[in-house]
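The figures that follow rest on heavy atoms only: side chains count, while hydrogens, waters and symmetry mates do not.
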Amino acid sequence: QVQLVESGGGLVQPGGSLRLSCAASRSIFSIYAMGWYRQAPGKQREVVAGFSSGSSTKYTDSVKGRFTISRDNAKNTVYLQMNSLKPEDTAVYYCNVKVAGAGDLVYDYWGQGTQVTVSS
């Protein structure tokens with residue numbers, strides 16, 4: 001079992017920056033993949049950024065060049081650095097970690113969500 005605790009959200013002016021953190025309750029034996037998702041009011045959840053175990057990263061078009069996903073294995077923590085924030089980035093952000101189990105099984109874990117509001 002893994003618990004993911006998110007922090008770093010808040011209210012920021014357009015053009016500002018925030019850094020989200022997602023800390024796991026224990027060391028993860030084998031990470032299959034991890035990423036950040038967001039859900040704006042009245043909209044479906046969407047993937048924002050992903051990081052595969054092989055070190056490749058992928059971003060949704062709307063955040064390319066502005067957001068950076070990273071991890072610190074020693075601290076069991078995943079980060080999302082968000083720069084040049086826009087009002088359209090306003091949403092609840094969720095951390096997701098996929099952990100490899102036996103055989104082809106993959107276990108999905110989610111953070112509790114942290115609110116990011118971009119407004120002047």
Quick check: is [Y] connected to [X] through a chain of hydrophobic side chains (ILVMFWY, heavy atoms under 4.5 Å apart)?
X      : Y      : result
Tyr79  : Tyr109 : no
Leu85  : Ile69  : yes
Trp110 : Tyr32  : no
Tyr94  : Leu80  : no
Val48  : Val92  : no

Glu46 backbone acceptor or donor facing Gln39 side chain under 3.5 Å: no
Any sub-3.5 Å donor-acceptor pair from Glu6's side-chain atoms to Gly113's backbone N or O? yes
Using 0.5 Å steps for rounding, measure from the [atom1] atom of [X] to the [atom2] atom of [Y].
X      : Y     : atom1 : atom2 : answer
Asn83  : Thr68 : CG    : OG1   : 6.5 Å
Cys95  : Tyr37 : SG    : OH    : 10.0 Å
Met34  : Arg71 : CE    : CZ    : 4.0 Å
Met82  : Tyr93 : CE    : OH    : 5.5 Å
Ser120 : Leu11 : OG    : CG    : 10.0 Å

Please determine whether the number of non-hydrogen atoms from other residues, nucleotides or ligands lying under 6.0 Å from atom CD of Gln3 exceeds 12. no
Taking all non-hydrogen atoms of both residues into account, name the closest pair between [X] and [Y] and its distance.
X     : Y      : value
Leu4  : Gln112 : O-OE1, 3.5 Å
Arg66 : Ser84  : NH1-O, 3.0 Å
Val2  : Ala24  : CG1-CB, 4.1 Å

Less than 4.5 Å apart, any side-chain heavy atom of Arg38 and any of Val63? yes
Does the side chain of Thr117 come within less than 4.5 Å of Val12's, by heavy atoms? no
List the steps and the verdict of side-chain contact (heavy atoms from CB on, under 4.5 Å) for Leu20 and Thr114. CA-CA 8 Å; Leu20 305 184; Thr114 184; 4.0 Å; yes
Side-chain H-bond candidate by donor/acceptor type, Thr77 with Asp72, under 3.5 Å: no
Quiz question: by atom type and distance under 3.5 Å, do the side chains of Glu88 and Thr90 form a donor-acceptor pair? no
Flag the pair Trp36 / Phe67 as yes when their ring centroid distance falls below 6.0 Å, and as no otherwise. no
Salt-bridge criterion met for Asp89 and Lys86 (N-O under 4.0 Å): no
